[in-house]
Amino acid sequence: MKIHEYQAKEILARYEIPVTNEILCYSVGEVQDAAQKLGFPAVVKAQVLTGGRGKAGGVKLVRNGEEATAAAEKILGMDIKGFIVEKVLVAQGVSFVSEIYAGLTIDRNTKSAVFMVSREGGVEIEEVAKDNPEAILKFAIDPDLGMAPFFARKIAFALFDDMNLVHQATDLFQKLYKVFIDTDASLVEINPLVITSENQLLALDGKMTFDDNALFRQPEILALNEPSEDEKKEIDAKEKGLSYIRLDGSIGCMVNGAGLAMATMDMIKLYGGEPANFLDIGGSSNPQKVIDAMNLILSDKNVKVIMINIFGGITRCDDVAKGLIAALEQIKIQIPIVIRLSGTNSKEGLAILKSANLPTVETMSEAAQKAISLSVDFLR
Amino acid sequence: MKIHEYQAKEILARYEIPVTNEILCYSVGEVQDAAQKLGFPAVVKAQVLTGGRGKAGGVKLVRNGEEATAAAEKILGMDIKGFIVEKVLVAQGVSFVSEIYAGLTIDRNTKSAVFMVSREGGVEIEEVAKDNPEAILKFAIDPDLGMAPFFARKIAFALFDDMNLVHQATDLFQKLYKVFIDTDASLVEINPLVITSENQLLALDGKMTFDDNALFRQPEILALNEPSEDEKKEIDAKEKGLSYIRLDGSIGCMVNGAGLAMATMDMIKLYGGEPANFLDIGGSSNPQKVIDAMNLILSDKNVKVIMINIFGGITRCDDVAKGLIAALEQIKIQIPIVIRLSGTNSKEGLAILKSANLPTVETMSEAAQKAISLSVDFLR
Amino acid sequence: MSILVNKNTKLLVQGITGRDGSFHTKKMIEYGTNVVGGVSPGKSGQSVHGVPVFNTVADAVKATGANTSVIFVPAPYAADAVLEAAEAGIGLVIAISEGVPTLDMVRITPYLQKRGTKLVGANCPGLISPDEAMVGILPGNIFLKGNIGLMSRSGTLTYEMVYQLTTNGLGQSTCVGIGGDPVAGLYYEELLQMFEEDPETDAIVLIGEIGGDAEERAAQYIKEHITKPVVGFIGGLTAPPGKRMGHAGAIISSGTGTGAEKIAAFEAVGVQVARQPSEIPELLKKLLKI
Amino acid sequence: MSILVNKNTKLLVQGITGRDGSFHTKKMIEYGTNVVGGVSPGKSGQSVHGVPVFNTVADAVKATGANTSVIFVPAPYAADAVLEAAEAGIGLVIAISEGVPTLDMVRITPYLQKRGTKLVGANCPGLISPDEAMVGILPGNIFLKGNIGLMSRSGTLTYEMVYQLTTNGLGQSTCVGIGGDPVAGLYYEELLQMFEEDPETDAIVLIGEIGGDAEERAAQYIKEHITKPVVGFIGGLTAPPGKRMGHAGAIISSGTGTGAEKIAAFEAVGVQVARQPSEIPELLKKLLKI
């Protein structure tokens, strides 16, 4: 789960990590007031749940009221990668001498949290990682030790020579780790963490994402959630036991199992088609789940054909076939369906489908090829 | 550091451990009011920083106002092992079906916290340990795991069969461990932890002692400290760099080092004398420290002779000798002194003492014997 | 031989009285797995499909000598259940539970190392050594005893693969579902080593997916340590970045963890990569010269 | 040979720029200990008595190859300093600092085990292998190289004992002050084993004191594992219960940990117990037949 910069910085501030003075605004008028209150220069920043707002023109330095108004007018309502800017953060301008990167995430390899720092802050860390990987220092954190004071100090010494900054950073890094653990974050990032002209560390930006699996025990974090339209659909689907992600193609997919669903999408692409979605309906043969899945697929108007790929494991193919028939009786579908059913009791399942006049194909690749040709036919 | 029952239970209650309804009282009138408010039966309990108050008559069950008054009059002002009762706790009487013991302390052997439980609660756990040691179950806690839920449940199952009680105990034990860790306790004890007639766990008594070494980071705990007169003396001494404990004998001891100080006391006893104190003056040869130590010893009117036992290690004997002379010039002492000085530069040190007319003996045992004979002579 | 589970496996089911725990206990017993006990706090004395239930893992181990445990408890309690098994001396734990918080997995990892307890999962379908033992929720009927070792981050995709192997007469020594979470227990390297050392395994199938760099590290490991032929497959080649493809671990972040990178890493060390599941049997037959 | 420290010891001093750290660094160097570096955050580049100072233990180890560290930092930071040493790969840490919270010691113990780092102390005077290395605050001049191994919970009492040994011509292989705190690093059993295995040690002196049951456990260990003669002494026989005798560990609680119990435990396994320090040399001479 993602949250906005202003929300992340509120959390950081709660842990006494120094952040810029700033005010969240929803209108041009509010931006004008905020900028006057904070003084100039100030920075107006789009609050959207996607990256790259800087390149999109969603961040403006303003030196006076007129510029503030202009920036607010320009940024509010802006479309950044499909996200409409509904609020902006007005932050006090800060004069600084240096920009640091500091972030915490999970390292799958060491199976631990990893602290990353770089003297090359202020730019996207992915770019640093690509162009100058040795500029990023990584410190795996033993969960039994946590961010021990000596360990935070060791990281601080890797960045600074000035003892004043080392002290500040040692303290700040321990707090940042505490934020990470306390909130079940999957990423906490301060970029840039600047050294101000007064030699103080200050978080100019903040980014946090959270482990979806842990939201059940993080009600305060969950309350910050602002799902996009697509994400709302995904959340609705999840509540019905479906794992759904909308894509841009025309072939709607219904598969049991995440791995098989991915492989099905891949297969479609392999033969030149475009999947309209990732959809894992899980292991049950419950007709209601199939109906929900169908409705979900059909809510996407790009879908020209439905490809059903079921592998019967614990769930037997004959049960799945019955569920499919029951579902298709309740829901009228105007577009073609390709069904592939394999695995446990597949013979019985295929016989049931055949008797219901539902044609099937034998393999995944056949199914993909047939779905593609049908999607093209349908277009004609 | 010890605290009173009522303070311990306040801390437990803060961690949502269920404790009896109770009111702290300083006067008979307050006890009357409290008992009326809580209802009868109630229990009036002396609040003193020592054990064995029950046997001393410091705990009374009262069934009506008259009994409450009588109990308050009897207990307030009572002397329990040298502690005068200045306050009592009036607690609501509780009807219970069973008494449990639950405690946490440090186990030197496993170098970890150890959780102890027993179905034989309500009596002094030391007695259970002596008479029926297998009735006490001990669970060493891996500090990396802490009191994991499964671990608390395992302990709970060792006590209870009823799942309702297991759930309550699992929760309570986790909280008790958190209290222990959060407060740097050296002992947390609930005895008895009762099962009420309503099948609820409830702490009828609470005992906590704290690690003196950790008080620097436990200001809230430190604020609860109520040192006795003797302890005040010990604390004053500690502030002067002296480790002092008053005993009952007549031979005042001044020694450098805790181990040597203990061995010196033992030596005195070995030859039939009685040490008046344990006193470790540490490693310095600073005359002021010697003067402070002398004054501390002389503040005990039982002292008939002073035995000084110094082993020169890093601190050289000649420096110690000079310090002693400087101190003795500033302080008039009316009782005999026996000095034993050994170790680094002892020859030089002894020569200095000799030239100042301070007689010395060569060994610890000689010193002890001489001090004993002088203490007897002095008495005649 | 097979790896991890076999006829000597004495299995406990943690969460045996739950819906899933009970259902799959039956399936495991039917397959022939030696299920010796179950754990469900407060249910001691009961039995599920003839299996005695205990209040704690410690009690169960004491009474049954169990050496392996499978976990069906809900995700919020799954990590604690793994710790309980490790503390009680269980040597191999298979966590089926889906949705375990990542930091729970991080937190328990050093304790498992300290106790010498191996973990498979969480969020995995389990593992099977055909005709010896099935632990988890795998459909036992599709497997065939043989000489192919298989490991996979996915469930149904594994069944698809195994079905193709079995219908082509290629049996399996052991198939391990390592789970779809970012932080999991046994992973490619440990399992590759076990299959390398297992005399009954002659070839290895590694089914990876997008996200992380485990496949890249596996490729390096294969280059340095594995002499047996390995066939690979990567799911999610066409998944868009930043989207979690069902599995928490199957997410391409910051342009790393893509399928193309993983395929390239495999091919660079001589691992044959199937472009679709149905190619796997052919590749294996060629490598095994059958 | 001696145990733990010798001519191969390459010592770091953590807290070298402090008053005590600096003073005892000088003493250790004068004794002949190979002090290779010091640690004091922010003081990198300075030197103390000719010893280079580093910001972190990791830096110091990298630059000097140190294998041992002695800790003089104030008690609130001592446990963190021990962890820093362990994390940097130091194999033996001697913590002189007095007043370390007990739960800090509890907390760091498993990490030290995991890293294979041995700890002596805290709240201890250190240790010495005469003529080889002295680490800590021991008065080097009273020690004499020889064949007696000594371990003690006390400082000055140790010096008293050693002085008696030395003046009686009984030299020492290694003398270890294990510290006066309830929870400490290396204790009797580990040290007894080391002395047992040390070819230069012919007899062992164990100086205990009241509190805890370490002496009782040592007695049991001696019975089962130690073949060399052991002489014991227990301080605090006359201490009253419930009072902390200077050392946090020297406290008799609930009637256990008394000196009488400890003497009885030793004598029950044939350990000769001196009733006063001056008896130790005679007992040793008798046992060593000299």
Side-chain angles (χ1 to χ4, degrees), chain B residues 50-51 106-109 111-113 124-126 129-130 141-144 180-181 184-187 211-217 243 245 247-248 255-263 265-270 274-275 278 280 283 309-316 342-344 363-365 368, chain D residues 24 27 75-76 99-107 109-111 125 137-139 141-142 152-160 163 180-184 187 207 209-214 217 233-240 243-250 254-256 259 275-278:
Chain B
T50 184
I106 296 291
D107 179 31
R108 300 173 185 220
N109 190 355
K111 299 179 187 180
S112 67
E124 293 219 2
I125 197 67
E126 290 81 6
K130 209 180 289 167
I141 299 169
D142 183 321
D144 289 339
F180 184 82
I181 298 297
D184 272 305
S186 47
L187 175 75
D211 177 7
D212 292 342
N213 282 350
L215 290 174
F216 72 89
R217 65 185 176 197
S243 178
I245 292 169
L247 302 169
D248 295 326
V255 190
N256 66 331
L260 193 59
M262 271 191 273
M265 286 162 49
D266 294 348
M267 187 76 84
I268 290 169
K269 276 244 185 174
L270 187 66
E274 286 292 336
F278 166 96
D280 169 14
N309 183 17
I310 303 289
F311 187 89
I314 293 283
T315 322
R316 298 180 321 185
S342 188
T344 311
T363 67
M364 273 175 74
S365 59
Chain D
H24 292 291
K27 294 278 174 189
V100 180
T102 305
L103 285 179
D104 282 6
M105 296 301 296
V106 168
R107 189 172 51 83
T109 298
Y111 188 74
I137 60 173
L138 297 156
N141 57 306
I142 63 169
S152 170
R153 282 166 70 177
S154 160
T156 41
L157 182 57
T158 305
Y159 311 158
E160 175 83 35
Y163 193 68
D181 283 348
V183 174
Y187 231 81
I207 304 172
E209 63 189 27
I210 51 162
D213 66 346
R217 285 184 285 122
F233 178 84
I234 303 293
L237 293 180
T238 61
K243 287 287 184 182
R244 169 178 159 162
M245 291 289 124
H247 294 160
S254 321
T256 65
R275 283 308 189 276
Q276 48 176 297
S278 57

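Note that these values count all heavy atoms, side chains included, but never hydrogens, waters or copies made by symmetry. Just so it is clear: chains get the letters A, B, ... in the order the sequence lines come, proteins before strands, and each one is counted from 1.
The greatest number of non-hydrogen atom pairs below 4.5 Å with chain B, out of D:D213, D:I137, D:V100, is found for D:V100. Most heavy-atom pairs under 4.5 Å with chain D, from the set B:D212, B:T363, B:I141: that is B:D212. Here B:D184 is the residue among B:D280, B:D142, B:D184 with the most heavy-atom pairs under 4.5 Å with chain D. Chain D forms the most heavy-atom pairs under 4.5 Å with one residue out of B:A185, B:A263, B:G259, and that residue is B:G259. Taking D:V183, D:L138, D:L103 one by one and counting their heavy-atom pairs under 4.5 Å with chain B, the maximum is reached by D:L103.
Looking at heavy atoms from C-beta onward, D:L237 lies out of side-chain contact with B:K269 at the 4.5 angstrom threshold. At a threshold of 4.5 Å between non-hydrogen side-chain atoms, the residues B:M267 and D:P277 count as touching. Counting only heavy atoms from C-beta outward, the side chains of B:L260 and D:Y159 never approach each other to under 4.5 Å.
For chain B, the nearby part of D:T109 is the side chain; its heavy atoms alone come within less than 4.5 Å. Only the side chain of B:M364 comes within less than 4.5 Å of a heavy atom in chain D; its backbone stays farther off. Of the atoms belonging to B:I125, not a single heavy atom falls under 4.5 Å from chain D. In this structure, chain B has heavy atoms under 4.5 Å from both the backbone and the side chain of D:P76. There is no contact between D:M105 and chain B, counting heavy-atom distances below 4.5 Å. Of the two parts of D:E160, the backbone and the side chain both hold a non-hydrogen atom closer than 4.5 Å to a non-hydrogen atom of chain B.
Checking side-chain atoms of B:D211 against main-chain N and O of D:P101 turns up no donor-acceptor pair under 3.5 Å. A donor-acceptor contact shorter than 3.5 Å is absent between the side chain of D:T156 and the backbone of B:F311.
Atoms CG and CG, from D:D181 and B:N213 in turn, are 6.0 Å apart once rounded to the nearest 0.5 Å. Atom CG of residue B:L270 and atom CD of residue D:Q276 lie 5.5 Å apart, to the nearest 0.5 angstrom.
B:D107 is linked by a salt bridge (charged side-chain N to carboxylate O under 4.0 Å, His left out) to nothing, counting only residues two or more places apart in sequence or in another chain.
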